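All remarks here apply to the structure that follows.
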Amino acid sequence: MLTILFDGIAYGMVLFVLACGLSVTMGLMNFVNLAHGAFAMLGGYITVLLMQKLGVPFLLTLPLAFIGAALIGVILERILYRPMYGKSHLDQVMFTIGIVFMAVAGADYLMGSSQQIIKLPSWLQGRFDIGGVGVGRYRLFVLVVCGVLAFSLQWGFTKTRFGSRLRASVDDARVARGLGIPVNRLFALTFALGSGLAGLGGALGIELMGLDPSFPLKFMIYFLVVVTVGGTSTITGPFFAAMLLGVADVAGKYFVPEIGAFIIYVLMVVLLIVRPDGLFAKGRA
Amino acid sequence: MSAVLQTRNLVKTFGGITATDDITFSLEKGARHALIGPNGAGKTTFVNLLTGVLQPTAGAVILNGEDITTLSREARVKRGMARTFQINQLFATMTPLQMIALVTSERLGYGLRAFNVLDHDPRVIEQTADILARFRLEDIMNETIASLPYGKQRQVEIASTFAAQPSVLLLDEPAAGVPEAERRELLDIVAALPADVSVLLIEHDMDIIFRFATRITVLVNGRVLADGDPVSIARDPAVREAYLGEESHA
Amino acid sequence: MSHLQDRVRASLQASRRWHIAEIVFWLIALGSFWAFPRHLLLMNEIAILALFALSLDLILGFAGIVSLGHAAFLGLGAYAAGLLAKNGMGDPVLGLVFAMVVSGFAGLLSSPLIVKGNDLTRLMVTLGVVLILHEIANSWASLTGGADGLQGITINPVLGLFAFDLFGKTAYLYSLSVLFVLFLVARRMMNSPFGLSLRAIRDNQLRAAASGVPPSQRLALAYTIAAAYAGAAGALLAQTSQFVSLDVLDFHRSADVMLVLIIGGPGYLYGGMIGAVVFKFLQDTIAAFTPQYWMFWIGLFLVLFVLRGRSLIHGGVKLFMTRLPWLSGRGRS
């Protein structure tokens with residue numbers, strides 16, 4: 001029972017790392033980026049390639065997955081994404097679906113369509129017993145890494161100058177520009193950070209979610225749920241949304257496997273009916 | 001004279017800020033009533049409360065004797081309250097004719113008729129033509145609204161609002177943004193509105209206020225500072241201090 | 001009767017009058033039956049795709065709702081028509097109507113979530129709905145055949161007279177007729193007070209509400225109608241291929257139809273049809289020399305199209321289409 005909860009939280013943590021960049025970019029530029037999962041997939045494949053071809057140890061591949069995805073993120077942001085900011089949501093949706101399709105087909109072409117498997121270092125394999133609760137070593141590792149990340153993000157978002165500028169820009173980009181905040185540069189940075197986190201999440205998630213070329217499509221709905229339910233103006237919103245989603249998904253698939261796949265949709269509908277403005281929408285009178 | 005639109009102890013707070021503070025207000029039938037106040041006095045919030053864009057924290061809005069506090073925006077329009085916006089809100093891809101025909105058909109309750117055509121209904125034709133003539137839009141009635149100059153768009157905005165046949169008309173800075181050359185025509189149109197329509201004018205421009213208003217309410221910090229005829233408002237020392245300041249129309 | 005009233009009436013009439021180009025368009029569509037007898041199956045696919053895109057146009061082009069899961073209603077209609085025929089009621093028109101009712105009902109059910117939300121929630125809900133249906137169709141194999149698809153569908157002759165053949169003769173004429181009839185209905189609707197109110201909501205929701213138009217009600221209705229239309233396209237798909245597979249609920253269906261509509265241009269009813277022709281030719285051409293990575297090319301096309309190509313393609317179409325007076329109000333800025 002507690003093992004399920006634990007697995008769910010670990011899963012939710014990875015979802016959070018995957019999706020939090022998306023929620024900030026959506027909030028900041030009102031840009032609908034359905035291709036976010038492509039960056040996650042990229043991170044995953046970087047780890048797979050580094051480990052399989054070059055024998056790089058798993059731990060070392062993680063920062064590289066982050067950097068790789070962030071770099072590609074910056075480049076794409078500069079060349080492709082920037083002209084899309086002013087366009088309609090429809091255009092943005094079409095555009096980013098195009099990117100997803102290309103990423104999916106490209107990954108298929110380069111890497112083959114099979115599920116990728118990585119061999120975790122032995123100290124991350126297996127599970128240990130804490131007071132009768134089976135705790136997977138890898139899941140604990142993920143939990144710690146993502147937990148630290150979540151805390152530093154929350155700290156960075158609320159306590160640093162970068163964070164306060166970012167929040168101001170999310171609230172009202174026009175006013176922020178008027179105050180002399182370089183919104184465009186801020187956005188490029190955030191985009192890189194978000195893409196990098198997605199890449200890291202993708203690498204961490206190989207073991208939990210699997211990795212194949214259809215990854216960006218398969219998890220698109222998860223990202224959308226996290227962002228919509230969690231809202232786009234905080235870090236904590238998406239965090240709790242991801243936790244909820246992770247636990248519900250894992251528990252659902254375990255306890256009621258026949259309908260487990262539906263749990264997240266039911267959750268999504270219920271939340272939308274109860275809180276149409278998102279789980280943690282700013283209090284509106 | 002009787003009140004067509006009233007508010008009772010209307011309050012609106014955003015977080016810790018009170019934007020509308022206990023406003024009790026009344027618009028008399030046929031009045032030309034101006035609502036004035038410095039920036040941030042809560043004029044726009046007040047209008048949004050009247051029209052249903054916002055829900056008040058406390059208090060009531062009464063239109064023609066009926067409590068409409070919880071009604072939707074469109075239901076208020078159906079009951080006879082229409083508004084213009086500070087910045088034009090138009091159907092950019094339509095022509096003035098289409099826009100006015102749409103408002104007319106909605107007013108007649110045709111909105112759900114999916115298989116009728118507009119030109120078969122003499123009432124739509126007649127009333128649309130009427131509005132076009134009254135607001136001098138005949139010559140541009142088939143142009144796309146987005147292609148019209150701002151002043152003309154402003155005219156379309158007022159005309160389409162009027163097409164809803166309101167008993168209460170809220171004009172939110174009708175002349176704002178209109179170039180000097182087109183201003184006269186617009187103000188003539190405002191002046192020519194029928195006497196039985198009650199008009200609430202939200203305005204900054206003192207010339208316009210003193211040209212039209214028969215009664216003035218001054219809002220400051222979300223409260224009613226003063227309420228009365230133009231002459232007494234202009235003389236009111238509190239108003240002069242708080243609002244008219246140095247450039248008073250003495 | 002004043003002179004101005006006459007002019008007002010004339011303008012309103014002009015906006016719904018048939019243009020010569022429209023008549024030519026439909027004549028070409030019909031004439032293709034005799035002109036390209038060896039491509040009837042492809043043309044049938046085009047007609048079905050065109051109907052599907054027309055249904056998307058009703059909500060995207062006329063009401064401004066972006067959907068990531070319009071295939072939900074296509075798939076539902078396909079399964080509804082397929083299951084009806086499999087259970088002994090093989091009359092195609094009956095199946096068509098049944099599919100429209102089922103899909104329309106599903107549209108109505110999901111509409112509260114659609115009309116309330118912003119674009120982001122809409123994306124999530126539409127995508128969520130199609131994923132749910134996909135999951136149901138996949139796991140309820142006893143009913144739907146699961147991953148193997150729904151087989152053993154027998155469709156009776158259309159109106160009891162025209163049996164379906166291997167070359168797609170009946171199929172094309174049947175699909176084209178359905179497309180034409182539903183197009184006429186849509187055309188009538190979009191020129192009605194209801195259609196005008198949808199355009200009002202798309203143009204400016206604030207003003208629409210301030211003009212007495214209840215946005216939620218109208219959007220819900222439009223969504224329901226569009227769902228029924230998509231259901232009809234699904235029924236045609238199931239009936240003319242006598243097979244339904246999980247593919248009808250796949251994500252790429254929703255993305256394709258969006259692309260189709262965008263190619264042709266949303267908001268004037270013909271966009272989906274023109275787009276369907278272009279799309280199918282594109283698909284055929286690309287498939288001829290690189291069958292495998294179709295998805296890559298469609299993605300590339302999407303990206304380039306949104307970045308640059310739209311103005312190029314639409315420049316030509318628009319030049320032609322601005323001649324149609326009732327289109328004067330189209331175009332999303």
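In what follows, every chain begins at residue 1, and chains take the letters A, B, ... in the order their sequences are listed. Predicted model, so just to flag it, every value in this text is computed and none were measured. We use all heavy atoms of the structure for the numbers below, so side chains are in, but hydrogens, waters and symmetry mates are not.
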Give, as side chain, backbone, both or neither, the part of [X] having an atom under 4.5 angstrom from any heavy atom of chain C.
X: B:E106; answer: side chain
X: B:S72; answer: neither
X: B:I145; answer: neither
X: B:L97; answer: side chain
X: B:M99; answer: side chain
X: B:A133; answer: both

| field | Donor-acceptor contact present, side-chain B:D119 to main-chain C:R9, <3.5 Å | value |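 Not a single qualifying donor-acceptor pair exists.
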| Sidechain-backbone polar pair: C:S103 side chain, C:A230 backbone, donor-acceptor under 3.5 Å |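 No; judged by distance alone, with no hydrogens or angles, the pair does not exist.
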| task | May I ask you to say whether B:K152 pairs ionically with B:E185, meaning some side-chain N is under 4.0 Å from a carboxylate O? | result |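 A salt bridge is present here (some side-chain N lies under 4.0 Å from a carboxylate O).
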| task | Give the member of C:M189, C:Q13, C:R218 that has the highest number of heavy-atom pairs under 4.5 Å with chain B. | result |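 Of C:M189, C:Q13, C:R218, C:R218 has the most heavy-atom pairs under 4.5 Å with chain B.
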| task | May I ask you to name which of C:S197, C:P214, C:P215 has the most heavy-atom pairs under 4.5 Å with chain B? | result |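 That would be C:P214.
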| request: Report the distance from atom OG1 of B:T44 to atom CG of B:L35, rounding to the nearest 0.5 Å. | output: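 One finds 9.0 Å between OG1 of B:T44 and CG of B:L35.
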| Which value, rounded to the nearest 0.5 Å, describes the distance between B:R136 atom CZ and B:I131 atom CD1? |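 Going from the CZ atom of B:R136 to the CD1 atom of B:I131 covers 14.0 Å.
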| Taking B:R76, B:K78, B:E157 one by one, which has the highest count of heavy-atom pairs under 4.5 Å against chain C? |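 Sorted descending by pairs with chain C, the first entry is B:E157.
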| said: If you count heavy-atom pairs within less than 4.5 Å of chain C, which of B:T51, B:L112, B:N88, B:V103 leads? | reply: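 That would be B:L112.
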| field | Minimum heavy-atom distance C:S55-C:H70, with the two atoms named | value |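 Answer, listing the atom of C:S55 first, then C:H70: OG-NE2, 2.6 Å.
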| For C:A208, is it the side chain, the backbone, both or neither that has a heavy atom under 4.5 Å from a heavy atom of chain B? |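 Answer is both: backbone and side chain atoms of C:A208 are under 4.5 Å from chain B.
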| What part of C:I225 is in contact with chain B, defined as an atom under 4.5 angstrom from a non-hydrogen atom: side chain, backbone, both or neither? |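 For C:I225, there is no contact with chain B at all, as no heavy atom is under 4.5 Å.
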| query | Cut-off 3.5 Å, side chains only: do C:E22 and C:Y270 have a donor facing an acceptor? | reply |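 Yes, side-chain donor-acceptor contact under 3.5 Å.
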| cation_pi(B:R83, B:F85) dist<6.0 Å, angle<=45 |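 So B:R83 does make the cation-pi contact.
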